[in-house]
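Here's the structure we're looking at; comments come further down.
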Amino acid sequence: MITVAQVIVDVAAYPVDRPFDYLVPAEMTQIIEIGSRVKVPFGPRNVLGFVVAIANETDVPVEKIKPVTQLLDIEPVLTHEMLELAKWLKNETICYEIDALQVMLPSALRAKYEKIVNLQTEVERLPESLQELFKTTQHVNVNVFEKNNMLNELKQALKNKHVTIENIVKQKGKVKEVRKVQIIENVQKLTEIHQQISNRAKKQKQLVEWMQSHSGEIMDPEVIYKETNSSPQVLNTLIELGAASFVKQEIYRDPFAKEVQKTDFLNLTEEQSVALNQITRAIDQKQPETFLLHGVTGSGKTEVYLQTIAKVLSDGKEAIVLVPEISLTPQMTERFRSRFGELVAVMHSGLSVGEKYDEWRKIHQGKVKVVVGARSAVFAPFENVGIIILDEEHESTYKQEDSPRYHARDVAIRRGKHHQCPVILGSATPSLESFARAKKNVYTLLNLKERALKQSMPKVEIVDMREELKKGNRSMFSLNLVESIQQRLDRKEQIVLFLNRRGYSSFVLCRDCGTVLQCENCDISLTYHRKNEKCKCHYCGYEIHVPKTCPQCQSDHIRFFGTGTQKVEEELAKFFPGARVLRMDVDTTRTKGSHEQLLQAFGDGKADILLGTQMIAKGLDYPNITLVGVLSADTSLHLPDFRAAEKTFQLLTQVSGRAGRHEKPGEVVVQTYTPEHYAIQLSQAQDYEPFYEREMYMRHQAGYPPYYYLALIQVSHEDVLMAADYAGKAAEWLRSQLSYNVSIIGPTAAGISRLQNRYRYQCLLKYKVEPDLIPTLLQLIKIYRSDWIKKGINLSIDLDPNMI
DNA sequence: GAATTCATCCTT
DNA sequence: AGGATGAATTCA
């Protein structure tokens, strides 16, 4: 009988997006399992693959089938649930199955491919130019040849059979090991050794005596030295005598910087208890119910999560908690660690590859029961999930922007169904989609209308910046804000200032000819960064030195427009000379741990004003913050996106929520040029429902979600005409295939019409029901794929896109 | 006629 | 995707 493994290979392309059959060598048949990774030959190279099925027969002719080269896992890395989920993702989001599989694993488990040139002859027979490279070794990486510009020589050597090329598959991640000492168990033997040792070797005698009372134990050598006042020399002699041996032990890298204190349950308010009871009921009844926990800022959603998790853990199940990347601050993770201690794993982009791998292994090996993490933590390999929680449910970071373009919310609900467990979506400002579903009783709505400590909501004041201008105030701070800031400074209270833009200025303009500095590769104006006198593109990383004269007209009247965090920082120094300002944006938090350090410093009162972008809007919870200033509420409002109003409302509500969370009452000052806009008006009262009603009306009028579903088809090419032309062709074909229930808009140039030197055109599909949509889109790819690849056209499909 | 570029085909 | 194979094109 034969054993055949069906393998999804690590090659992202449509023609190979299906399982391939491989023979399982006899010695592997007992250990190979579904969900294991394998190394397999594929065409002329070796690749990594995932075993998705095992069979005893195959349709592949004997002369074609090849054996599995190597089994990489003794324990499978993916469960059956995950393999199912991958197929579901492939259908749901239109992606390659391999992408869906890879996204579920830490990058450490993905393959690293290397091409190695192996020497096949004596060095002396090589042409002189190559001899140098092979002087000390038989194997040289191909990229060494590339670096030295010797690809032609390599080709020649290959032809002469002097060398061969081998494709090797390496693992990225390494299990970190430490060397420990294992003392033998046999006390008798230790006594014998003790007798062998000469009486002059006092230290050795001492150490053996000590070992007798610790027989069988595995210990850190350092501990042994300390305990017995001995040294490596002494220990080594004893190891030679057979009293102990060195063993390697797997350890986890510890991403937690410091110890946390254990905390206990907080008392719940009436509303919190009601919510908790409802969720507990669903857990007990194994109902895969979705709850929308709508609680105002400071209403204690986290405490509800914590107590739900406690319940789940006591049932012997596991919990997954998702938080937006940005709010995955130590403050948030500490709350979970302080409640559940060592049972918590943390997963976010701030961890190194190795750390992520270790956290993943803790989950995989069942060492932890709770995972707190960003989007991808929704794939935590638990096998008995009791609850899945998405905090700040409305956040756009839950949608992955590249393939597989999944939404963590959908995956969570899908996994909830599999595990027969509820899902909690929590937010002070739910997405319209979720709230609408709650209204239709698809989700169960749970309300927390009061703050947990009964604090009043902060007072929000809206300042019309046009009036300020009329009064002759041309600075970026309104008189009102200046006064409020000064007041807090005097009272030694803290201030948070929020600005939606990093860098110094938003664009650089020549006053004579009106030229705006543009990125060479993208259709984006460059942002001026004062620190190194450079203009940067925030999309592709292109940067140039600030020109002294205009590149168009050589005039030297160059001016910087718009306001970035750096500029505000300078202005603050002018207005409030004594104030200590902390600036927090992508530029100041680039290095590992700097995010934490900055917040820590602010929390410790080492600064008066925290000035930041997006990243400070969430999770910030310090008692001394009594004033929040929003410098310009308009920035997000005027984005060409149908969710602009929703985003603005959410942002203002979230930012406002940072103030007055404890005893001292909070105040919020919002500066804007459009105070009459409903998103700004309604955020003043911080009342969600009126905004919901109003925005739903707008969406209905314009035909956007939640009334319609969207699909975005994007076509890019180096040449504008090609991009536009083929986007048109795609739209035309879709129009001919899809029913009248789908309206197809476009093609139009994308919001950023050129990115990384490629022009982008897109068309938007709007529909309510269209069961054949996905099959039709797949058909589109199938028909045009080869033609497009030839012409360099790139097409991407985003179902349920975040931005359009 | 060899060298180089291009197109097409295939991967178990 | 990435590599091999074979045809088309270039060049001396």
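Rounding to whole angstrom units, CD1 of residue A:I98 and P of C:dG2 are separated by 14 Å. Remark: P of C:dA1 and CD1 of A:I781 are 12 Å apart, rounded to the nearest angstrom. Spacing between atom NZ of A:K66 and atom C1' of B:dT11 amounts to 7 Å, rounded to whole angstrom units. A:N167 has its CG atom 13 Å from the C1' atom of B:dT11, to the nearest Å.
Because its NZ or CZ atom is both nearer than 6.0 Å to the ring centre of A:Y252 and within 45° of the ring axis, A:K362 counts as a cation-pi partner of that residue.
Pairing partner, C:dA12: none, since no Watson-Crick or wobble contact has both distances short of 3.5 Å.
The heavy-atom pair separating A:Y398 from A:R375 by the smallest distance is O-CD, 3.4 Å.
In terms of phosphate contacts, A:K115 brings a side-chain nitrogen or oxygen within less than 4.0 Å of OP1 or OP2 of C:dG3.
Counting only heavy atoms from C-beta on, A:I65 has its side chain closest to B:dT12 among B:dT12, C:dA1, C:dG3. Listed candidates were C:dG3, C:dA1, B:dT12. Nearest to the side chain of A:A13 is C:dA1.
In this structure, A:F42 reaches the bases: a heavy-atom distance under 4.0 Å links it to at least one base atom across the strands shown. Contacts of A:P41 with the nucleic acid, taken as non-hydrogen atoms under 4.0 Å apart, involve only primed sugar atoms and P, OP1 or OP2. Counting any heavy atom pair closer than 4.0 Å across all strands shown, A:K64 reaches a base atom.
With sequence neighbours left out, A:Y542 forms a ring-ring contact (aromatic ring centres under 6.0 Å, His included) with no residue at all.
With hydrogens and angles left out, the side chain of A:R45 and the base of C:dA4 share no donor-acceptor pair within 3.5 Å.
Here the rule is side chain to side chain donor-acceptor pair (under 3.5 Å) with A:S716, and of A:R754, A:R758, A:Q756 only A:R758 fits it.
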